[in-house]
Amino acid sequence: TDPLGRAQLLEFLKKEFSAENLSFWEACEELRYGEQSRIADIVESIYQQFLAPGATRWVNIDSKTMERTLEGIKTPHRYVMDDAQMHIYMLMKKDSYPRFLKSELYRNLLAEAVIPPETKKRVFPFMRKQRHSSPSP
């Protein structure tokens, strides 16, 4: 959900030659939450960019998922890419994202992060502010 974190993940994926996975996932999100009137156009765009034979940003999904997706796009709807999107999500979750978390790029992102004051630990725990004042017995 963090735009800066997502941008850094995309940069990492570009270096790993797998940026198309995140781009595909984002396109599927646009399909799911975008305008109803654009559904057919978005489905066609996703197909041409990511799934068609010879697509410029082809994503690697298994044959059963591809079969279900290709059958589904014959009658485009908002959730037609769900199986393919979940496949790519799991691929990133199990492979790309853990490598990103170990990368120099991520360490630099953390080093530059602004930590809200309420999450910082106090040096002396006994100096914490009372959350609720209660009457003495």
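Predicted model only: the values in this text are computed from it and were never measured.
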Q.
Just so I know, are the side chains of Glu20 and Leu13 near enough to count as touching, which here means a heavy-atom distance under 4.5 Å?
A. no
Q) With a 4.5 Å heavy-atom cut-off, do His77 and Val43 have their side chains touching? A) no
Q: Begin with the C-alpha distance, continue with both residues' side-chain angles, and end with the deciding distance and a verdict on side chain to side chain contact (heavy atoms under 4.5 Å, CB included) for Leu22 and Arg6.
A: CA-CA 9 Å; Leu22 183 57; Arg6 189 178 292 187; 4.0 Å; yes
Q. With hydrophobic residues grouped by side-chain heavy-atom distances under 4.5 Å, do Phe50 and Phe17 end up in a single group?
A. no
Q.
Using the rule that Ile, Leu, Val, Met, Phe, Trp and Tyr join whenever any side-chain heavy atoms are under 4.5 Å apart, tell me whether Tyr33 and Ile88 fall into a single cluster.
A. no
Q) Which of these passes side-chain contact (heavy atoms from CB on, under 4.5 Å) with Met90: Met86, His87, Met92? A) Met86
Q: Indicate yes or no: does Arg68 engage Glu71 in a salt bridge with an N to O separation below 4.0 Å.
A: no
Q. If you measure from the Lys or Arg side-chain nitrogens to the Asp or Glu carboxylate oxygens, is any gap between Arg38 and Glu35 under 4.0 Å?
A. no
Q. Closest approach of Lys14 and Ala19, non-hydrogen atoms and distance?
A. CG-CB, 3.6 Å
Q: Check whether the side chains of Asn21 and Ser18 place a donor and an acceptor atom closer than 3.5 Å, and report yes or no.
A: no
Q: Work out which heavy atom in Pro98 is nearest to a heavy atom in Lys93; give both atom names and the distance.
A: CD-O, 3.1 Å
Q) Which heavy atom of Ser103 sits nearest a heavy atom of Phe12, and at what distance? A) CB-CE1, 3.7 Å
Q. Does the distance from a Lys or Arg side-chain N to an Asp or Glu carboxylate O, for Arg32 and Asp82, drop under 4.0 Å?
A. yes
Q | Nearest-0.5 Å distance that lies between atom CD1 in Ile39 and atom CZ in Arg78 | A | 4.0 Å
Q: Check whether any side-chain heavy atom of Val80 sits under 4.5 Å from a side-chain heavy atom of Thr75, and report yes or no.
A: no
Q. Would Gln49 and Trp58 satisfy side chain to side chain contact (heavy atoms under 4.5 Å, CB included), going step by step from the backbone distance to the final call?
A. CA-CA 7 Å; Gln49 284 185 64; Trp58 185 76; over 6 Å; no
Q. Among the clusters formed by ILVMFWY side chains lying less than 4.5 Å apart, do Tyr79 and Ile73 turn up in the same one?
A. no
Q: For side chain to side chain contact (heavy atoms under 4.5 Å, CB included), just list the numbers for Leu70 and Tyr47, CA-CA rounded to whole Å, side-chain angles, deciding distance to a tenth of an Å, and then say yes or no.
A: CA-CA 9 Å; Leu70 293 177; Tyr47 173 75; 3.4 Å; yes
